[in-house]
Number of protein chains: 2
Amino acid sequence: MATGRTHRPATRSRGIPEATVARLPLYLRALTALSERSVPTVSSEELAAAAGVNSAKLRKDFSYLGSYGTRGVGYDVEYLVYQISRELGLTQDWPVVIVGIGNLGAALANYGGFASRGFRVAALIDADPGMAGKPVAGIPVQHTDELEKIIQDNGVSIGVIATPAGAAQQVCDRLVAAGVTSILNFAPTVLNVPEGVDVRKVDLSIELQILAFHEQRKAGEEAAAEAAVPAAARKESTDQGPDGDVPAVMPA
Amino acid sequence: MATGRTHRPATRSRGIPEATVARLPLYLRALTALSERSVPTVSSEELAAAAGVNSAKLRKDFSYLGSYGTRGVGYDVEYLVYQISRELGLTQDWPVVIVGIGNLGAALANYGGFASRGFRVAALIDADPGMAGKPVAGIPVQHTDELEKIIQDNGVSIGVIATPAGAAQQVCDRLVAAGVTSILNFAPTVLNVPEGVDVRKVDLSIELQILAFHEQRKAGEEAAAEAAVPAAARKESTDQGPDGDVPAVMPA
DNA sequence: CCATCTTTGTGCACGCGTTCACAAAGACAT
DNA sequence: ATGTCTTTGTGAACGCGTGCACAAAGATGG
């Protein structure tokens, strides 16, 4: 789900596939764990297992970065950690603002994974004047009025939106206008952004719905397969009684 | 197309592509909004715009569900809402347990998007005995010891893991052993599950790293493109001075 | 009843991502 | 040195997802 690829078709080695980029953080995490255990080298097979991917895929992914392995031995853990970090841009400091300090926003502010990888919470912003000044995760919340100034003063290019859905687009527009070019959106809305701005969305509700789909499919197959031998564990979850929200509309 | 179903061997849910399933919740959300505004019908073009996708893609997605549109008119909003809800399994009630009631777990418990679509928080579970009984989002937290009993008593098949990374696999194992077959994982770890169990992961850190990659790439292209005309807005974020964490390991 | 207009449903082609399978590269022992 | 053994790096085939472009289907108006 990359952005519009209207630019040049990646002339040279700079053509790292999006799918590969999405896996690099996974490798990095596994490698960091190995590094902390002072493991000097690792084979593609081992690392792939740790990252939960296919070893051939991992090797191909690494091949996009360069030939960093040694045949017959594997990959140097420390060196690979550095290469991936550099490729992901984690060797530099990324100031981040979080907008919308509700339950989720506060949780994000407290999340340790931020600081661990070059991401620094530059500011917490909320529209509620009552929140202003109140410290969350050791950082005083600032009012939305300050948004533009904060972004410009801190050179922020990454913004996190954790507001209610209704406010998300408006916040997004202001972030973009102030210079933010990457947005992580937790609000359940489709954000409209101009060319050149990246948006990634995290939507809890969608994830659950996808799980429900597969869950239903599993239940259906199971029921069809063992129609005469129902699972003993089943209590009363399969009853269609509480189907309160029935169609109310008939097919044409 | 007009010649009945001889075309597709798997008439039912069998043939719905994963990519399509992932978009159905998006369509559903847009349709629900239209429904609340009492809009009777919608064209693929309009709906696609609202959902942020290509209209041809949307039509193809819907074609997997069946021919629910009317040529020359569009799609009946209410009817489509029902069809997608049913396909996703949202016409039934899905009890969910959340394990790990820290900042994130509490935020999830308070998240309104849960209840809105057939998902019901059946229980909040935490390993800290001090949390037991304490109400979060109106639901008393229960101790991990109760996990198996809760799952069986409520017929829970979907579990949400919001524990620290170190505890995630253990919690996962217990959930699966107790009968959970779908897991939404917020812990930054690769979960190992047996065949037949679905896992979806939401990883804030990974999302940020992916954004950082693109951000870095954008900065690089920009710098290369206007090497002689640096953007005036740039403060001092591009200096490579603070590259404190240098390799420490050299390439072989 | 026919003509026209709108919008769906889909055949087709293309590109990306995944996986297999293997030759090449290097380590290591003799 | 030479041979063997391990593991990487990648060519090639395949499958999935996307988007175009258009014919068919139905609405609508005369």
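Chain letters run A, B, ... following the sequence lines, proteins first, then strands; residues in each count from 1.
Residues A:T181 and B:E215 are in side-chain contact: their nearest non-hydrogen atoms beyond the backbone lie under 4.5 Å apart. With contacts defined as side-chain heavy-atom distances shorter than 4.5 Å, the pair A:K218/B:D198 qualifies.
Comparing B:K60 and A:P17 by the nucleotide of DNA chain C that holds the closest heavy atom to each, the one mapping nearer the 5' end is B:K60. When each of A:R23 and A:G72 is assigned the nucleotide of DNA chain C with its nearest heavy atom, A:R23 is the one assigned upstream, toward the 5' end. In terms of position on DNA chain D, the residue among A:Y75 and B:E18 whose nearest nucleotide sits closer to the 5' end is A:Y75.
Rounded to an integer number of Å, the gap from A:Y79 OH to D:dT8 C1' is 15 Å. Separating the NZ atom of A:K57 from the P atom of C:dC16 is a distance of 17 Å, rounded to the nearest angstrom. Distance, A:F62 CZ to D:dT7 P: 16 Å, rounded to whole Å. Put simply, CG on A:D61 is 11 Å from P on C:dT19, counting in whole angstrom units. Taking atom CD of residue A:E46 and atom P of nucleotide D:dT6, one finds them 14 Å apart after rounding to whole Å. Rounded to whole Å, atom C1' of D:dT7 lies 15 Å from atom CG of A:D76. One can place CZ of A:R59 at 16 Å from P of C:dA25, the figure rounded to the nearest angstrom. Taking atom CD on A:E45 and atom P on D:dT8, their separation rounds to 8 Å, with Å as the unit.
Using a 4.0 Å cut-off, some side-chain N or O of A:N54 falls inside it from OP1 or OP2 of C:dC20. Distances shown here put a side-chain N or O of B:S44 below 4.0 Å from the OP1 or OP2 atom of C:dT8.
Evaluation of atom-type donor-acceptor distances gives a pair under 3.5 Å for the side chain of A:R71 against the base of D:dT8.
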Given B:V160 and A:L204, is the side-chain contact (heavy atoms from CB on, under 4.5 Å) satisfied, shown in steps?
-> CA-CA 10 Å; B:V160 177; A:L204 167 56; 5.7 Å; no
Go through the steps for B:W94 and B:R117 under the test side-chain contact (heavy atoms from CB on, under 4.5 Å), then give the verdict.
-> CA-CA 9 Å; B:W94 293 104; B:R117 297 235 179 281; over 6 Å; no
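B:D61 CG to B:S44 OG: the interatomic distance, rounded to the nearest 0.5 Å, is 11.5 Å.
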